[in-house]
Amino acid sequence: MIGAGAVGAACAYFLTRKGFAVHVVERGAVAAGSSSAGEGNLLVSDKVSGPELELALYSRALWEQELAQYGELWEFESKGGLVVATSAQAGRALRTLAAEQRQRGVDARDVEPDAVTDHEPHIRRGLAAAVHYPQDAQVQPMLLTAHLLRLARAAGAVVSTGVNVTGFEVQASTESRRVVAVQTSQGTLACEQVINAAGPWAGEIATMAGVDLPIRPRRGFVLVTEPLPPTINHKVYAGEYVASTQSEHLGLEVSAVIEGTKAGTILIGSSREHVGFERRVSLPVLRAIASAALELFPRLAGVTLLRSYAGFRPYSPDHLPVVGPDTRLKGLWHATGHEGAGIGLSVGTAKLISQAMAGEGTDMDLAPFSPARFEAVAPA
Amino acid sequence: MSVQRSGVAKQPAYDVAVVGGGPAGLAATAAAARLGRRVVLIDAGAQLGGQYWRHANVSSAGPHDHVGHRDWEVFEALNERIRRHRQTGAAVHVAATQVWFIEPPGSDAGEPDWTLHLAPTCGAPDDRMPRTVRADRLILCPGCYDRQLPIPGWDLPGVMAAGGVQALLKGQRTLAGKRAVVAGTGPFLLPVAEQLARNGARVVAVCEASRIGNWGRHLPTVARTPSKFAEAASYGWSLARARVPYRTGTVVMRIEADSSGEQVGAVKLGRLGSDGRLRESSESLDVDLVALGWGFTPALELVSAAGAETRVDVDQSLVAVVDEEQQSTVAGLYIAGEATGVGGAQLALAEGELAGIAAADATHLERSRVRALRREIRRLRAFAVAMQRSHPVPPRWSEWLTPETLVCRCEEVAYAQVSEATSDLAATDARTLKLLTRCGMGWCQGHVCGFATATLAAAGQARQLNAEDLRPLAKQFPCAPIRLGSLLEH
Amino acid sequence: MVPEVPVPGVPATIHLTLDGRELTARAGQSVGAALTEAGIRSWRRTRHGGRPRGLFCGIGICYDCLITADGVPNLRACLLPASDGMQLTSTGSELTPTTDGGVA
Ligand SMILES: Cc1cc2nc3c(=O)[nH]c(=O)nc-3n(C[C@H](O)[C@H](O)[C@H](O)COP(=O)(O)OP(=O)(O)OC[C@H]3O[C@@H](n4cnc5c(N)ncnc54)[C@H](O)[C@@H]3O)c2cc1C
Ligand code: FES
C-alpha cells in the first residue's frame, strides 16, 4: 500500500479483514498529504447522479453501519448539509439537482426561503432557494486515518512511515508485465500486489511504474476562525459549489463553504486552483473565499480568523475516482483521484478494492472507475 | 511619544520598513535613517522600547519611571535620534499596530516591493491608520517571549510568565502578587526576582533548574564579557540583600490552588539529580504568584510568513538563518535581534544597527563601523551561546507531568491525550501530533505550547528535537489574529 | 507604588466596571493591570473545563486574558489601555441571530 492517507488507511483496514498481509509505506507521517488538509465531509449533496453518487451512498451506508462502532473515535457526526442559492437562476438549478438526487435515493428536502433561518439562524435573509440534506455527515480526517491504521495494525498490518517509494521491480514476459517488488528509500519490498493510494502524487507513482495516470494536485485553502459556541449547524454552501467541483476550468474557482466543527472553530472554504504543489499563501485567494462566505453569513465579519491552511486534492480530469487494477501492469492497483471527496469515499473505495482483490464479486460495479479509461493515453 | 498614524496612508513605498520597536528595531531604524533612507517603523506597542525598555505610559509616568531599566540612556539617545528623523520626515512611526501578513516582492499582490498588512493591536482599525505599508527592504526585529513548559497546575490564575510579571512592573507599575516564587532556568530569572523584591513583594525562592557548576565550563567566554558579569553580580547582590534564597537544581514540579480553587496557593518543589532525574522534595511553599520562564522563544511568525529559512539554535529555539549582513535567505529581507538567536539587548542593538546599514546598501561606506559591529556581535553571540548551554531545559522535564496536566492551555489538551497520540496513533512528528490532539491550534497558535508539543513529539520517537518539529508550530497566516472583515479591507 | 504625577487634562484616576462592579485604574494603565490591582485574577472561563483564566504571558502572546470592552470581544486585557467609563464584560464572542435582514 503506497500512501497512509485516508484512502490507504481504509484499504489497509478492509484488506486485513479479508486476510491479506498488508504493508503500508508512507513517505511522511500518517496522513501527511491531502488527508490532513481537508474538511472531512461525507457529502451526498454535492454529487450529481452517476457512479460517484452511488459510491457516496455506498460509503455512507458503511459509515453508518459496518463502521458505526468507531464513529466516536473519528467524531462522526451526521449533521446534515444545507445548500443555498442566492439568485433565482441558481435556485432553479439547485431544485432541479435536488429532484434528480431524490430519484437516486438521496434525502433532499426543499426549504422555503423564509424558513432557512430555522436551520441556520445566522445566515443572511433573502435567499432564493435552499435544500436540506440530512444525510450529509462529517468525520475528523486525521483521527479517521490514524484510527483506521491503528485497527489495521492490530489486525496484522505493518505501517512504515518516513519511507519513500522510489520505483518498481517488474518481471516482464512475452505476454505480460507484472510487479514483483517496490523499491523504497529503505530497501526493496517484495509483494504480489501494490496499491497506489498516493493521493495527488499518484501520477508520480504511476510514472515510476511506467504507466500514465492523469492525477494532478488541485489546491484548496481553508480559513479557520476562533472557537465559538455552536454557531453554524450544518455544512452550508452555495449551490455554485457543485458547478465548481465539476468544472473543467483551470483557473481559480471560489465558492462559499462554511461549517462548524466539534472543536468550535468555523471552517471556511473553498478554492480550487491548478498551481502544482505551491504552498505559499495567496492573499487574493483567501480574500475571495472570505468575501464569498461573508455574503452568506455577514455577521462572520466580526469573528476572528486564527489560521489558514492549504491542501492539494487528487484531481482526476473526468471528476471520477480511479479505483481498480491497472491492466497495463499486473499486480498494480489504483485507489485515488477522489479530488475533494476522498475522505467520505475512502471506505467505500477500500471495501470494493478488498472484494476485488479477494476475487469476490464487488458490491458495486467498479467499471466506471477503472484505470482502463486512461489507457488510450500513451505511457510516459 | 505620540501615536503617529496620520499621513501614512497611500504613501509610495518606503526605502526600508522595520518591524519591531525594541533595541534591534530602534537601532536599525536610526541607522537606516541616518544613511538617508526613508524608514517606516511599525510596532505593536503604544510606545517604543520593546520588552527590554518597556516603560509606563509617558503621558502619566512618574518621575521614577525608568528606575530599574538598564541602559536607559541608550534608549533615550536612540529615541531622541529617531524623534529628530521623524521631524524631518526621514522616519515614520506606526504605533500600536501589528503586522498580520507579509507579501514578498512579486507575489500575488503584483507589487515590486514588500507589502505589509497592518491591523491595530487593540480594537477596530480607524480611518487614519494605514492598512498596508510598502517598502523596498524589510528588517524584521520581532523579539521574543518567555519559553514555557507545562507544569501540573500551571494554568491557575496567579501563575504567569516571568516576562509578564516584569512587564506589569515596568510598564504598569503593578505588582502581580505579594508572595512569589520565580522558577525555570536562565539569567533572566534574577532581574525579575530582584524587581519583585525591590517593589515590595516577598520572593520566597528563585528556583533555577540548572546547577551552578554549569557556569564554570564557560568562564573564559563570560570573562570576555565583563558588562554581563557585572550585571549578574549586581542582581545577585540585591537578591542576597533582600534575603531571597537562590536554589539551583530545583524546579517547581506542581502548582496547587488555594482554598478557593480559583488561584494559586502553593508550589511543590522538586530536585534534579546530576543524572537529570527528578526527585520530589517534601518541600512546599505558600505563594500567590508563580513567575515561570525557561529561556525565550523568538517570535518567528513574520520570518516564516516571509519565507526565510530557519534552523534550530543551541537553546533548541527555531531561529532565522542570516548571513554576515543580517540578510536572511530571502533577498531584501534582513533579520535582527532575538529572531536570529536569543542573545539579549546589547546583541540586538548591534545586529539591528548592522541590518540598518546593510538595508541602506551602505556597508561599503561604513567599513570600520561594520567591522566593529561584527566583532561585537561575535563576542556577544559567544556569550549568549555559553549562557544557553549552561541553562538548558531539563531534558527529563516531562517526568513532572501528570496525565491531567494541560500541555496546550488554549485547547485544554491533557498530557494523556498527547501520550495516546504518540503511542497508539503513530504521531511521529509534531505536525501530526498537533492535528490529532489540537495542541497548538488555539488562540495563541502554539506560541505557548509549541515548544512542549514539538519536544514531546520528538521524545515519543526517542530522537532529538529538529527544525521539522518546530516549524509546524511557528504560525504563518495570519501572523496575528484578525477579524474576517479586516481581511477584505485594503 | 510609585508616586503619581498628575498630567493636565488626564484624570489621575479612571473609573471603569467589570460585569457591573466598579473599579479604578491609574491613568495610562492597562485593563489587565487595573484588574490585577483590584485583586481580580481571572475574568474568563475556558470552554471545556470551565477553568478560570486571566493574565499569563502579560505581553500579548498567549490570549489567555481575553476580555470584552464596551461590547468589543476578544481584546487582550494586558495590552488594552484602560479608559474612563469603560465597561468590561467577561463573556467571549458569540454571534447574535439574524433578525434584521442579516446585514451586520
Ligand atoms: C481544502 C480541501 C478540502 C477538502 N475537503 C474534503 C471534504 O470535506 N470531504 C472529503 O471527503 N474530502 C475532502 N478533501 C479531499 C480529501 O482530502 C482527499 O480527497 C483525500 O484526502 C485523498 O486521500 P488519499 O489517501 O487519496 O491521499 P493523501 O491523503 O494525499 O495520501 C497519499 C499519501 O501518499 C504519500 N505518498 C506520496 N508519494 C509517496 C511515495 N513516493 N512514497 C511513499 N508515500 C508517498 C503521501 O505522503 C500521502 O500521505 C478536501 C481537500 C482539500 C485540499
Ligand atoms: S497553548 Fe496551545 S495553542 Fe495556545
Side-chain angles (χ1 to χ4, degrees), chain A residues 4 24 26 28-32 35-37 73 140-143 145-147 149-150 153-154 159-162 221 223-227 252 261-266 268 279-291 293-294 297-310, chain B residues 100-104 107-110 115 117 119 124 132 301 304-307 410-413 420-438 440-446 457 461 463 468 472 475-490:
Chain A
V24 183
E26 165 61 50
V30 166
S35 300
S36 54
L73 293 178
Q140 209 276 39
M142 281 301 293
L143 290 172
T145 309
H147 279 289
L149 286 171
R150 182 180 58 81
R153 277 201 315 269
V159 181
S160 304
T161 54
F221 282 108
L223 300 172
V224 188
T225 70
E226 62 181 299
L252 170 67
T261 64
K262 275 239 161 92
T265 53
I266 297 171
I268 301 172
R279 288 207 156 267
R280 250 190 312 175
V281 171
S282 166
L283 197 53
V285 178
L286 297 187
R287 284 189 162 136
I289 294 173
S291 97
L294 293 185
F297 288 92
R299 279 165 191 280
L300 288 179
V303 165
T304 307
L305 173 68
L306 289 188
R307 66 190 185 99
S308 78
Y309 56 86
Chain B
W100 58 263
F101 192 48
I102 293 178
E103 284 178 290
S107 61
D108 292 357
T115 306
H117 296 268
T132 57
E301 53 276 353
S304 305
C410 294
E411 292 297 297
E412 298 170 82
V413 184
E420 190 208 349
T422 51
S423 55
D424 300 352
L425 297 182
T428 50
D429 63 5
R431 178 176 181 271
T432 314
L433 182 57
K434 167 177 165 176
L435 293 172
L436 282 171
T437 61
R438 301 196 58 76
M441 291 172 90
W443 262 99
C444 87
Q445 290 289 295
Q461 300 301 302
R463 60 172 169 76
E468 283 312 314
K475 88 174 268 51
Q476 293 204 352
F477 183 90
C479 302
I482 47 160
R483 291 161 58 254
L484 258 181
S486 307
L487 190 59
L488 301 181
E489 296 161 1
H490 51 118

Which value, rounded to the nearest 0.5 Å, describes the distance between [X] atom [atom1] and [Y] atom [atom2]?
X: A:Thr304; Y: B:Ile482; atom1: OG1; atom2: CD1; result: 9.0 Å
X: A:Met142; Y: B:Thr437; atom1: CE; atom2: OG1; result: 9.5 Å
X: B:Ser423; Y: A:Arg150; atom1: OG; atom2: CZ; result: 10.5 Å
X: B:Glu103; Y: A:Ser282; atom1: CD; atom2: OG; result: 8.0 Å
X: B:Trp100; Y: A:Leu283; atom1: CH2; atom2: CG; result: 5.0 Å
X: A:Arg287; Y: B:Leu487; atom1: CZ; atom2: CG; result: 6.0 Å

[X], part contacting chain B, at a heavy-atom distance under 4.5 Å:
X: A:Leu149; value: neither
X: A:Ala29; value: both
X: A:Thr265; value: side chain
X: A:Ser308; value: both

>> Counting only non-hydrogen atoms closer than 4.5 Å, does B:Phe101 touch chain A with its backbone (N, CA, C, O), its side chain (CB onward), both, or neither?
In response: side chain
>> If I measure from the heavy atoms of chain A, does B:Glu489 come under 4.5 Å with its side chain, its backbone, both, or neither?
In response: backbone
>> If you count every heavy atom of other residues, nucleotides or ligands that lies below 6.0 Å from B:Arg463 atom CZ, does the total exceed 12?
In response: yes
> Where do B:Arg431 and A:Ser36 come nearest, in terms of heavy atoms and distance?
Replying inline: NH2-OG, 2.8 Å
>> Tell me the closest heavy-atom pair linking B:Pro478 and A:Leu305, and the distance in Å.
In response: CG-O, 3.6 Å
>> What verdict does the side-chain contact (heavy atoms from CB on, under 4.5 Å) test give for B:Leu425 and A:Val30, after you've listed the backbone C-alpha separation in whole Å, the side-chain angles of each residue and the deciding distance to 0.1 Å?
In response: CA-CA 9 Å; B:Leu425 297 182; A:Val30 166; over 6 Å; no
> Taking only residues two or more places apart in sequence or in another chain, which ones pass salt bridge (charged side-chain N to carboxylate O under 4.0 Å, His left out) with B:Arg438?
Replying inline: B:Glu411
> Highest number of heavy-atom pairs under 4.5 Å with chain A: which of B:Thr428, B:Leu435, B:Thr432?
Replying inline: B:Leu435
>> Measuring only between side-chain heavy atoms, which start at C-beta, is B:Leu484 closer than 4.5 Å to A:Ile268?
In response: yes
> Is the backbone N or O of B:Pro481 less than 3.5 Å from a side-chain atom of A:Arg307, with the two atoms forming a donor-acceptor pair by type?
Replying inline: no
